Each structure stands twice: as structure tokens, then as C-alpha cells.
Amino acid sequence: QVQLVESGGGLVQPGGSLRLSCAASGNIRSINSMDWYRQAPGKQREFVATVTGDGVTNYADSVKGRFTISRDNAKNTAYLQVNSLKPEDTAVYSCSATIRTYSGPLYGRYWGQGTQVTVSS
């Protein structure tokens, strides 16, 4: 079974920064894309950022210039550096990944449980 575990969330003041981590573990053959999403209370989950297996990144307009996604393939880990945080960034940040296991040739999408980011003065 594949697991994704996020960490690094916390309480920060507006303008502050955090680095979120998403570590994948289990019977992993390879990982294609790794993504970050967020969901604020009372709102739908929204896309934040993605990084492909080739290192190509894409961001939601709301976070461009402030957030940076990266990955360490040797550690099966994705990161989200979040800078210049605003109160509206407050949400549970979850990672997902398309992963191929040793049990078969196809990729499947897996999700972590999320880490809370709270931006408040």
C-alpha cells in the first residue's frame, strides 16, 4: 500500500513562510506527477501546484510568485515552499501523486491526509 504523509504546516503571521513536505512511502515503482491542493473551511478543494516527473511546474494564479513546488526523487518527497502568506491562504494543504507500484503497470492517484496552514495576526 502507498501512503502520502504531509508535514510542515503551522500558524504563521501574514507575510510569513513555511515549507510543507509530502513524503510518499510503500511499494513504489515510480512516481509521475506530484501535486498540492488546499481546502479552506466552507470552500471546495482547489488546485495549488504540480510538478511533473520531468520537473515541469505549474501553479494556480492565486499563488504564482509566492509558492514554489519541488521534489526530491531519491526521497519520494515533494515540497511546497509558501512565502508571503496571506490570511486567505489558510487551509488544509494536501498532496497527491500519481504512482506506479510493483504490483502492476498502471499509475494510480494517491492522496495524503493534509497539513493545516493557518495565517493570522
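Model, not experiment: these values are computed from the prediction.
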Steps toward side chain to side chain contact (heavy atoms under 4.5 Å, CB included) verdict (Ile28, Asn76): CA-CA 9 Å; Ile28 298 171; Asn76 289 333; 4.0 Å; yes
Are Ser30 and Tyr107 close enough that a side-chain donor and a side-chain acceptor fall under 3.5 Å?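 Short answer, yes.
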Check: Ser96/Asp35 side-chain N/O donor and acceptor closer than 3.5 Å: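 Yes - a donor-acceptor pair under 3.5 Å links their side chains.
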To the closest 0.5 Å, what do you measure between [atom1] ([X]) and [atom2] ([Y])?
| X | Y | atom1 | atom2 | answer |
| --- | --- | --- | --- | --- |
| Arg38 | Lys43 | CZ | NZ | 8.0 Å |
| Asn27 | Gln1 | CG | CD | 11.0 Å |
| Glu6 | Cys95 | CD | SG | 4.0 Å |
| Thr57 | Arg71 | OG1 | CZ | 11.5 Å |
| Ile31 | Thr77 | CD1 | OG1 | 8.0 Å |
| Trp36 | Leu80 | CH2 | CG | 6.0 Å |

Check whether Asp72 reaches the backbone of Ala74 with its side chain - one donor and one acceptor, N or O, closer than 3.5 Å.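 Yes, because the side chain of Asp72 sits within donor-acceptor range (under 3.5 Å) of the backbone of Ala74.
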Tell me whether the guanidinium CZ or amine NZ of Arg45 lies under 6.0 angstrom from the six-membered ring centre of Tyr37 and within 45° of its axis.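 Ring-cation test returns yes.
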Derivation of the side chain to side chain contact (heavy atoms under 4.5 Å, CB included) call for Leu20 and Gln81: CA-CA 6 Å; Leu20 312 182; Gln81 179 70 40; over 6 Å; no
When you group the ILVMFWY residues by side-chain heavy-atom contacts below 4.5 Å and let the links chain together, are Tyr93 and Tyr79 in the same group?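 No; tracing contacts between hydrophobic side chains, which count when under 4.5 Å, never links both residues.
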Could you report the tightest heavy-atom contact between Ala24 and Leu4, atom names first, then the distance?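 Ala24 and Leu4 have their closest heavy atoms at CB-CD2, 3.1 Å.
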If I compare all heavy atoms of Ser17 with all of Asn83, which pair ends up nearest, and what's the gap?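 Reported closest heavy-atom pair: OG-OD1, 2.9 Å.
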Run the side-chain hydrogen bond (donor to acceptor under 3.5 Å, both in side chains) test against Gln116 and tell me which residues pass, sequence neighbours left out.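 Gln116 satisfies side-chain hydrogen bond (donor to acceptor under 3.5 Å, both in side chains) with Thr118 only.
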Any heavy-atom pair between the side chains of Ser120 and Pro87 that's under 4.5 Å?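 With C-beta onward as the side chain, the pair stays apart.
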